[in-house]
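These values consider heavy atoms only, across backbone and side chains, with no hydrogens, waters or symmetry-generated copies. Numbered from 1 within each chain, the chains take letters A, B, ... in sequence-line order.
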There are 2 protein chains.
Amino acid sequence: MTIYDIAKVAGVSASTVSRVLNDKPGINARTRERVKRVLDETGFSVNESARGLVEQSSRMIGILVSDIRNQHHISGAYLIEEYFRSRGQVSLIINAGGDVSAIASPLRTLASRRVNGLVLIGSVFQDEAVSSALQAIVPDIPVVMQNGVLDLPNVSAVLCDDRGGTMEATMHLHQSGRRHVAYINNNLTPSNNKKVGGYLEACQELGMEPVLVQTCSDAEDATAQLLDANPGLDGIIYSVDFLAAGGLRVIHKMGLRVPDDIAVLGTDDSPLARLLDPRLSSIDTKLEQLSHECALLLEEMMENGGVRKVKTIACSLALRETG
Amino acid sequence: MTIYDIAKVAGVSASTVSRVLNDKPGINARTRERVKRVLDETGFSVNESARGLVEQSSRMIGILVSDIRNQHHISGAYLIEEYFRSRGQVSLIINAGGDVSAIASPLRTLASRRVNGLVLIGSVFQDEAVSSALQAIVPDIPVVMQNGVLDLPNVSAVLCDDRGGTMEATMHLHQSGRRHVAYINNNLTPSNNKKVGGYLEACQELGMEPVLVQTCSDAEDATAQLLDANPGLDGIIYSVDFLAAGGLRVIHKMGLRVPDDIAVLGTDDSPLARLLDPRLSSIDTKLEQLSHECALLLEEMMENGGVRKVKTIACSLALRETG
DNA sequence: GGAAATTTTGCAATCGATTGCAAAAATCTT
DNA sequence: AAGATTTTTGCAATCGATTGCAAAATTTCC
């Protein structure tokens, strides 16, 4: 079923059908109605391949997620998808599969589809390999990175102030009387490094001795070891909420009370925080705001041929029952 | 940058370039190499719109998710995306936004893109409105429903045995000595109705008096009321894990011990179950297997012109610390 | 060395939409 | 009623790939 078929039925030319489809002016009202009726009756749907070919645009944006297993990333992708869907742009969401060096392949996929814009989700994309891949494969399309920066003319960025958020959290614990606050990190992403940096700086400023776990694969083990080695610990900050869940379990098992004996903070203020018992206090990294800004920025770049911008969003503390 | 440009540089015709691109036979090895080198050097990427136009296929499949906010659905979508990505098919993941009656719009989007196949995720799609929309808009493309059935020739289904799983869970609790088991449901989706059915049947079979909350928006309130009204309760099954999280909190607050005083089961065996304290026992609705079957079935239908099939997968119990 | 067989390549049509330009139709002027 | 305007419509080129068929190049064989 093509516009030529529609044209035949409606007794007009294909051009007219096309113009009706796209709400172009200069079509007689009665003709327009007639064509529209045929369109409805036949349940016609435009061939976007054909349209994309002549328009040199796919009416799609690409969302490249560094790692799907990360709940937080998925949520971000969907917030952006949602925004663009309401604007009539379809989203092509693709998983990079965690391997940053292999980014060329998904990038080429998106380039082949001629996406009008691209969002990269995940701080691991802040990497030289990604930078050169972007330059080689999509040097001209507007890109926005969520939580990472690259120095390319077509690549904007929206970041949350991980460093500041973590500093603030550390200071908050200090202010509420904690003097031995540890930090447990899961992996060394650029974003997590900023968090660690904030923690260390706050410790220095406050005269606290930092107790840092740089990476860990199992939050329970890490927490148990930390508590064994540092009996005086009265606060732990985790780089991600689900780590804190494991931490809480160990703390509970050891007979310590939260937050009386020890305060616990997570990061990201994910839905999980509200489901744990006690409800987890968390550093809110403003996912919704971040995603919204990404969408706005990308839209702006796509419309105005777009100048590069870098925006930072402040974090806040979502205080609940753990500290 | 088109294949004509490549052709010019490589000193061949566009047809040859096309054949190299698609690994077609009958090209001289040296020519093939030369073209390939030019392809690499220029970083050429095929225009999928043009290709899609002549091939009458997009090399894309569509995944329509009933409601994005449902973590479980998202995970399912990604499992399917993953499978097809490994097969060179891109996925177009779209959110129906919860409103089943408005399914025509996303469906038309997918139809316009000429997706080669379609997966519907969410039992709410098991609905007359969806059936007629599918028939009207995509009567010819292979469709697989995850957790729902419709009686259309091009629509297969993969279901999990919610009813059986819930029966088994109820019986398990009975077997471990529970005599007053309640069921708390959040909403009346077809899938949840099957769960409730299984619970009721098990109760009857076991001679237990059913205590059922048909719908609830807040798990804590529902649980608190239930416990107040039924002091003898020694087991609660929730239709979804995150409800159980709220339940655990209330139970804990009331001073009851889990599982000694009361057993708690969730449903779906989501990552959350392993993060709660105590670790939540849950009815495993086999999301991974379900998604994998969906992918296989869709692939089969796309390749063989496909006959409709309906598969059911058994649930199992993931027993942990709550019962 | 030349005819036959085989391999390799290119020509040209095709997919289904959009759009500049010109022709046709309708409306307005006097 | 005829010419000038304006509105409405259609023709035909275009986008960038794929592919059947025929032509050209190469290889094989006697």
Side-chain angles (χ1 to χ4, degrees), chain A residues 1-36 38-39 42-60 88 90 108-116 140-141, chain B residues 1-36 38-39 42-60 88 90 108-116 140-141:
Chain A
M1 180 69 70
T2 74
I3 57 170
Y4 294 92
D5 302 323
I6 302 292
K8 200 166 292 173
V9 176
V12 295
S13 76
S15 333
T16 301
V17 177
S18 171
R19 287 193 258 257
V20 171
L21 270 175
N22 295 286
D23 278 321
K24 294 268 160 94
I27 296 289
N28 182 286
R30 253 200 319 285
T31 312
R32 190 181 292 270
E33 276 320 304
R34 184 151 36 96
V35 173
K36 273 197 172 156
V38 178
L39 247 20
T42 54
F44 172 83
S45 76
V46 209
N47 185 321
E48 289 287 345
S49 291
R51 175 184 271 174
L53 181 55
V54 17
E55 291 202 327
Q56 299 289 27
S57 144
S58 57
R59 303 197 187 185
M60 288 200 282
V90 172
R108 245 190 289 273
T109 299
L110 291 166
S112 287
R113 304 281 166 180
R114 300 293 187 268
V115 291
N116 299 335
D140 299 316
I141 75 168
Chain B
M1 180 69 71
T2 74
I3 56 169
Y4 294 93
D5 302 323
I6 303 291
K8 200 167 292 174
V9 176
V12 295
S13 76
S15 332
T16 302
V17 176
S18 171
R19 287 192 258 257
V20 170
L21 269 176
N22 294 286
D23 278 321
K24 293 269 161 91
I27 295 289
N28 182 286
R30 252 201 320 285
T31 312
R32 191 182 291 272
E33 275 321 304
R34 184 151 36 95
V35 173
K36 273 198 173 158
V38 178
L39 246 21
T42 55
F44 172 83
S45 75
V46 211
N47 185 321
E48 289 287 346
S49 291
R51 174 184 273 174
L53 182 55
V54 17
E55 291 202 328
Q56 298 291 27
S57 142
S58 57
R59 306 199 186 184
M60 287 200 284
V90 172
R108 246 189 289 272
T109 299
L110 291 165
S112 287
R113 304 280 167 181
R114 300 290 187 268
V115 291
N116 300 335
D140 299 316
I141 74 168

Discussion item. Less than 4.0 angstrom between a side-chain N/O of A:Asn22 and OP1 or OP2 of C:dT18, yes or no?
Written reply: yes
Check the interface with nucleotides 9-11 of chain C: list each N/O to N/O pair with the protein under 3.5 Å, or write none.
from: C:dT9; atom 1: OP1; to: B:Thr31; atom 2: OG1; distance (Å): 2.4
from: C:dT9; atom 1: OP2; to: B:Asn28; atom 2: N; distance (Å): 2.9
from: C:dG10; atom 1: OP2; to: B:Ser13; atom 2: N; distance (Å): 2.6
from: C:dG10; atom 1: OP2; to: B:Ser13; atom 2: OG; distance (Å): 3.0
from: C:dG10; atom 1: OP2; to: B:Thr16; atom 2: OG1; distance (Å): 2.9
from: C:dG10; atom 1: N7; to: B:Arg19; atom 2: NH2; distance (Å): 2.8
from: C:dG10; atom 1: O6; to: B:Arg19; atom 2: NH2; distance (Å): 2.8
from: C:dC11; atom 1: N4; to: B:Ser15; atom 2: OG; distance (Å): 2.8

Worksheet item: What nucleic acid atoms does B:Ser18 come within less than 4.0 Å of, heavy atoms only: base, sugar-phosphate, or nothing?
Response: base
Discussion item. Could you tell me how far apart A:Ile3 (CD1) and C:dC15 (C1') are, to the nearest whole angstrom?
Written reply: 12 Å
Worksheet, complete the sentence: Here the distance between atom C1' of C:dA17 and atom OH of A:Tyr4, to the nearest Å, is 7 Å
Worksheet item: From C:dA17, D:dT18, C:dT19, pick the nucleotide closest to the side chain of A:Val54?
Response: C:dA17
Worksheet item: To the nearest 0.5 Å, how far apart are CG in A:Leu110 and OG in B:Ser45?
Response: 10.0 Å
Worksheet, complete the sentence: Rounded to whole Å, the NZ-P distance (B:Lys8 to D:dG16) equals 12 Å
Worksheet item: Going by atom types alone, do A:Ser49 and B:Arg51 pair a side-chain donor with an acceptor below 3.5 Å?
Response: no
Practice prompt. Identify the residue among B:Val12, B:Thr2, B:Asp5, B:Val9 that makes a side-chain contact (heavy atoms from CB on, under 4.5 Å) with B:Val17.
Written response: B:Val12
Worksheet item: So which heavy atom on A:Arg114 is nearest to which on B:Val46, and how close?
Response: NH1-O, 3.6 Å
Practice prompt. Mind calculating the distance between CD (B:Glu55) and P (C:dT14) to the nearest angstrom?
Written response: 18 Å
Response to the item:
Closest non-hydrogen contact found for A:Val115 with A:Ser58 is CA-OG, 3.5 Å
Worksheet item: Can you name the nearest heavy-atom pair linking B:Thr31 to B:Ile27, along with the distance?
Response: CB-CG2, 4.2 Å
Worksheet entry | Atom pair distance, as rounded to whole Å: CD in A:Glu48 and P in C:dA17 | 10 Å
Item to complete: Nearest 0.5 Å please: distance from the CZ atom of B:Arg32 over to the CG atom of B:Leu39.
Response: 11.5 Å
Item to complete: Looking only at non-hydrogen atoms, find the nearest pair between A:Ala7 and A:Ser13 and report the distance.
Response: CB-C, 3.6 Å
Worksheet item: Rounding to a whole Å, what distance do you find between B:Arg114:CZ and C:dA17:C1'?
Response: 11 Å
Worksheet item: Can you check the B:Phe44 CZ to D:dA17 C1' distance for me, whole Å?
Response: 8 Å
What nitrogen or oxygen pairs link the protein and nucleotides 22-25 of chain D at under 3.5 Å?
none

Discussion item. Return the CD to CD distance between B:Glu48 and B:Glu55, rounded to the nearest 0.5 Å.
Written reply: 8.0 Å
Discussion item. So, OP1 or OP2 of C:dT18: does either fall under 4.0 Å of a side-chain N or O from A:Gln56?
Written reply: no
Worksheet item: Rounded to whole angstroms, how far apart are CG on A:Leu53 and C1' on C:dC15?
Response: 9 Å
Worksheet item: Is B:Lys24 near enough to D:dT19 that one of its side-chain N or O atoms lies under 4.0 angstrom from OP1 or OP2?
Response: yes
